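From a predicted model like this one, the values you see are computed outputs, not experimental measurements. Below, chains carry the letters A, B, ... as their sequence lines are ordered, and counting in each starts from 1.
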2 protein chains.
Amino acid sequence: MTKIKESSTNFENKQALSSECMEVYAANLIGGQWTLAICCYLINGKLRFGELKKKLPNITERMMTLQLRKLEENKLVKRTVYAEVPPRVEYELTESGQRLKPILGMLEKWGKEHQLLMATD
Amino acid sequence: MTKIKESSTNFENKQALSSECMEVYAANLIGGQWTLAICCYLINGKLRFGELKKKLPNITERMMTLQLRKLEENKLVKRTVYAEVPPRVEYELTESGQRLKPILGMLEKWGKEHQLLMATD
DNA sequence: CAGAATCCATAAAGATACTG
DNA sequence: CAGTATCTTTATGGATTCTG
């Protein structure tokens with residue numbers, strides 16, 4: 001009786017997926033609290049759980065697990081478990097995740113410009 | 001003693017703005033529940049409160065007000081109040097909001113591709 | 001018309017402790 | 001190491017009623 005749905009950021013029961021435009025669908029996939037941060041760090045290559053955790057000092061393990069599982073479920077991240085002791089799990093972006101790269105680039109550029117605007121006023 | 005902060009999606013106290021990359025900052029600005037949906041509809045020109053509400057049948061007035069105020073606060077949306085009876089308020093994207101257009105375009109494209117991937121598997 | 005004010009339910013996030 | 005489990009807190013969203 002494993003509980004799965006705790007933090008699935010509701011794609012199924014909310015409006016976004018069903019009736020809204022594709023941008024909203026996309027935003028729901030990548031707009032989660034830690035989603036983009038994780039993707040940013042994975043875009044340069046695979047990372048282990050602990051390595052990723054180090055880059056996100058403020059995230060709890062619990063949240064990281066939940067977010068990574070969601071990302072995996074949404075096929076943005078691939079999770080590979082190595083049957084070793086001590087355990088090793090590696091996370092990497094999928095093809096689809098990689099294709100976010102140009103979008104991340106534009107977001108970064110837009111963010112910089114916008115931050116400037118927010119400041120000079 | 002007006003209460004302002006009820007739904008400000010926490011830029012100030014959370015990690016995103018302070019330590020993370022610019023993509024995360026940007027995502028926090030546009031990643032809110034209704035944010036992108038609203039932007040999508042405003043990208044073709046200004047709309048009144050009621051008109052926008054019609055395009056988002058599932059949003060409550062309360063949420064729309066909150067989201068629009070947040071958008072305004074973040075300078076993505078400009079709010080113009082006309083001193084008329086009955087009252088008229090128009091919402092439109094700011095320059096900065098308009099500059100999201102190419103990003104929305106890419107998100108749409110990516111979303112379509114990704115949705116296909118999610119289906120064929 | 002375009003909201004503001006309340007009250008309330010649920011969902012998401014955090015702290016902490018524990019484990020294969 | 002890479003998580004789980006549990007509990008608590010906080011955030012988010014909704015229903016309803018009221019108003020300039």
S.K.: What's the CG-C1' distance between B/L56 and D/dG13, to the nearest Å?
M.R.: 15 Å
S.K.: How long is the line joining CD of A/Q67 and P of D/dG3, in whole Å?
M.R.: 14 Å
S.K.: Round to a whole Å and report the spacing from CG of A/L52 to P of D/dA2.
M.R.: 10 Å
S.K.: Please list each protein N or O that sits under 3.5 Å from an N or O in nucleotides 2-4 of chain C, with the distance.
M.R.:
| residue | atom | partner | partner atom | Å |
| --- | --- | --- | --- | --- |
| C/dA2 | OP1 | B/R48 | NE | 2.8 |
| C/dA2 | OP1 | B/R48 | NH2 | 2.9 |
| C/dA2 | OP2 | B/G50 | N | 3.0 |
| C/dG3 | OP1 | B/R69 | NH2 | 2.8 |
| C/dG3 | OP1 | B/R79 | NE | 3.4 |
| C/dG3 | OP1 | B/R79 | NH2 | 2.8 |
| C/dG3 | OP1 | B/Y91 | OH | 3.2 |
| C/dG3 | OP2 | B/Y91 | OH | 2.5 |
| C/dG3 | N7 | B/E61 | OE1 | 3.1 |
| C/dA4 | OP2 | B/R69 | NH1 | 2.7 |

S.K.: Rounded to the nearest Å, what distance is computed from the CG atom of residue A/L47 to the P atom of nucleotide D/dG3?
M.R.: 13 Å
S.K.: Using rotation axes that map the C1' atoms of four end pairs onto the next four (five pairs an end), what angle separates the end axes of the helix from C/dC1-D/dG20 to C/dG20-D/dC1, to 10°?
M.R.: 60°
S.K.: Can you check the B/L66 CG to D/dA11 P distance for me, whole Å?
M.R.: 14 Å
S.K.: What about B/V24 and A/L116, same hydrophobic cluster or not, with Ile/Leu/Val/Met/Phe/Trp/Tyr joined at side-chain heavy-atom distances under 4.5 Å?
M.R.: no
S.K.: Run the salt-bridge test on B/E72 and B/K78 with the 4.0 Å N-O cut-off and return the result as yes or no.
M.R.: no
S.K.: Mind calculating the distance between CG (B/N58) and C1' (D/dT12) to the nearest angstrom?
M.R.: 16 Å
S.K.: Contact between A/V77 and A/T94 at the side-chain level, heavy atoms closer than 4.5 Å - yes or no?
M.R.: no
S.K.: Taking only residues two or more places apart in sequence, or in another chain, which ones meet B/L117 in a side-chain contact (heavy atoms from CB on, under 4.5 Å)?
M.R.: A/K75, A/S96, B/H114
S.K.: For B/E51, what residues pass the salt bridge (Lys or Arg N to Asp or Glu O under 4.0 Å) criterion, not counting sequence neighbours?
M.R.: none
S.K.: Between atom NZ in A/K70 and atom C1' in C/dA11, what is the gap in whole Å?
M.R.: 12 Å
S.K.: Under 3.5 Å, is there any donor-acceptor pair linking the side chain of B/R62 to the base of C/dA5?
M.R.: no
S.K.: Between A/K53 (side chain) and A/R48 (backbone), is there a donor-acceptor pair under 3.5 Å?
M.R.: no
S.K.: According to side chain to side chain donor-acceptor pair (under 3.5 Å), who are the partners of A/R88, at least two apart in sequence or on a separate chain?
M.R.: A/E84, A/E90
S.K.: Just to verify, what does A/V81 make a side-chain contact (heavy atoms from CB on, under 4.5 Å) with, not counting sequence neighbours?
M.R.: A/R79, A/V89
S.K.: Does A/T35 reach the main-chain N or O of A/G31 with its side chain, forming a donor-acceptor pair under 3.5 Å?
M.R.: no
S.K.: Reckon A/Q33 has a side-chain N or O less than 4.0 Å from the OP1 or OP2 of D/dA11?
M.R.: no
S.K.: Could you give the CD-to-P distance, from A/E72 to D/dA2, as a whole number of Å?
M.R.: 15 Å
S.K.: If you check every side-chain atom of A/M63, which of C/dG14, C/dC1, D/dA15 has the closest atom?
M.R.: C/dG14
